[in-house]
Amino acid sequence: MPAEVTAPLQLSGEDRIFVLTGAGISAESGLATFRDSDGLWAGHAIEDVCTPEAWARNPELVWQFYSARREAAAKAQPNGAHLALADLESRLLESRIEDRFFLCTQNVDNLHEKAGSRRLVHMHGELFVSRCSAGCGRPPVVDDAVYATLADVARCQCGALLRPHIVWFGETPMDMDRLGEEIRKATVMLVVGTSGSVYPAANFVRWARQAGARTIYVGPEAPLNASAFTQVVIGKAGSVLPSLLAAAT
Ligand code: BV8
């Protein structure tokens, strides 16, 4: 198990930091993670709500699952971890070197945006966006509606049902080329609150290591890919990130 660290993160002017977040960063904002005992998967089997097959079989159940998450996320506020990352981004951007900071989240909630983060990719999609389920080519639309029944679900101009603009298992994550590019440039990778159980996100730390980057994990327990990290900070993101990132410029 790599050594625990408590010292604030030190960055040199040449450093470029790639941050990857998971459900754990939103836990202290009251949003359930996936695998916790009372987590999202506790109530539903992945294959019933988070696959293209589930959508084809029962789109009403899928919309009820994501509508409940829209209601929860709409009430949630960013915590100290989200705010510390937004603060670090603005500090590093002050240094006028455009791409010293990049944030990739597996989360579909909008708490990073609420915290003020800007240079951000939702590799698994966004909760408050929908798109045409027939793939007619029209762009995704902002949509915060809650759909209790299939009859309520809005339709695309082409007539097809709207589906959540979310990456389901078996579907290709968003912006993989850009993410690969940003990981190759990174000299530091900070990973926060993810179990390291879902791919390709769980491989990012290995790609960063191969590129020679320092790799740091923050979370209350070691992730499944812990061996790929050069440093681990065991603790909750909301209390660790503000002090860990305070000195980084
Ligand atoms: C794909 C959106 C091809 C939906 C999600 C290789 C090997 C084996 C399997 C595969 C493989 N490659 C692909 C697969 C299949 C599959 C996969 O990985 N299956 C798993 C189950 C084995 N992957 C796919 O299908 C992916 N697509 O591979 O396409 C491809 C590949 C490469 C390039 C091009 C194409 C698509 C996967 C995306 C699925 N959609 N989310 C939704 O949100 O409803 S995944 C979803 O689960 C999340 O987005 C996240 O990615 C993932 C895991 O969740 P975590 O965020 O890690 O949360 P979890 O609950 O697991 O853990 C919480 C952590 O937080 C814990 O560690 C806990 O300790 C910590 N924590 C708790 N409290 C705190 C905290 N940390 C800090 N502070 C706290 N307070």
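Counting convention: from 1, in listed order, for ligands and their atoms alike. All residue numbers in this chain count up from 1 along the given sequence.
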Proximity winner for atom 26 (C) of ligand 1, if only heavy atoms of Phe169, Tyr217, Trp168, Tyr199 are counted: Tyr199
Would you say Ala237 has any N or O atom under 3.5 Å from an N or O of ligand 1, going by distance alone? yes
Just go through Ser195, Gly24, Pro220 and tell me whose heavy atom is the nearest to atom 62 (O) of ligand 1. Ser195
In terms of atom number and element, which parts of ligand 1 are under 4.0 angstrom from non-hydrogen atoms of Thr33? 60 (O)
Could you tell me, atom by atom, which parts of ligand 1 come under 4.0 Å of a heavy atom of Tyr66? 4 (C), 42 (C), 44 (O)
Polar atom proximity, Gln106 to ligand 1 (N or O, under 3.5 Å): yes
One residue to check: Ala27. Relative to ligand 1, which of side chain, backbone, both or neither has a non-hydrogen atom less than 4.0 Å away? side chain
Pairs of nitrogen or oxygen atoms closer than 3.5 Å, one from Thr194 and one from ligand 1: do any exist? yes
Does a side-chain N-to-carboxylate-O contact under 4.0 Å join Glu181 and Arg184? yes
Heavy atoms only: which of Val198, Asn79, Ile166 is nearest to atom 37 (C) of ligand 1? Val198
Could you check whether any side-chain N or O of Thr215 sits under 3.5 Å from a backbone N or O of Thr230, counting only pairs where one atom can act as donor and the other as acceptor? yes
Who gets closest to atom 22 (C) of ligand 1 by heavy atom: Ala201, Ser197, Ala23, Gly180? Ser197
Is it the side chain, the backbone, both or neither of Glu171 that has a heavy atom closer than 4.0 Å to ligand 1? backbone
Ion pair Arg57/Asp48, N-O distance below 4.0 Å: yes
More than 12 foreign heavy atoms under 6.0 Å from NZ of Lys236: is that the case here? no
Does ligand 1 have a heavy atom under 4.0 Å from the side chain of Cys50, from its backbone, from both, or from neither? side chain
May I ask whether Ile25 has any heavy atom positioned less than 4.0 angstrom from an atom of ligand 1? no
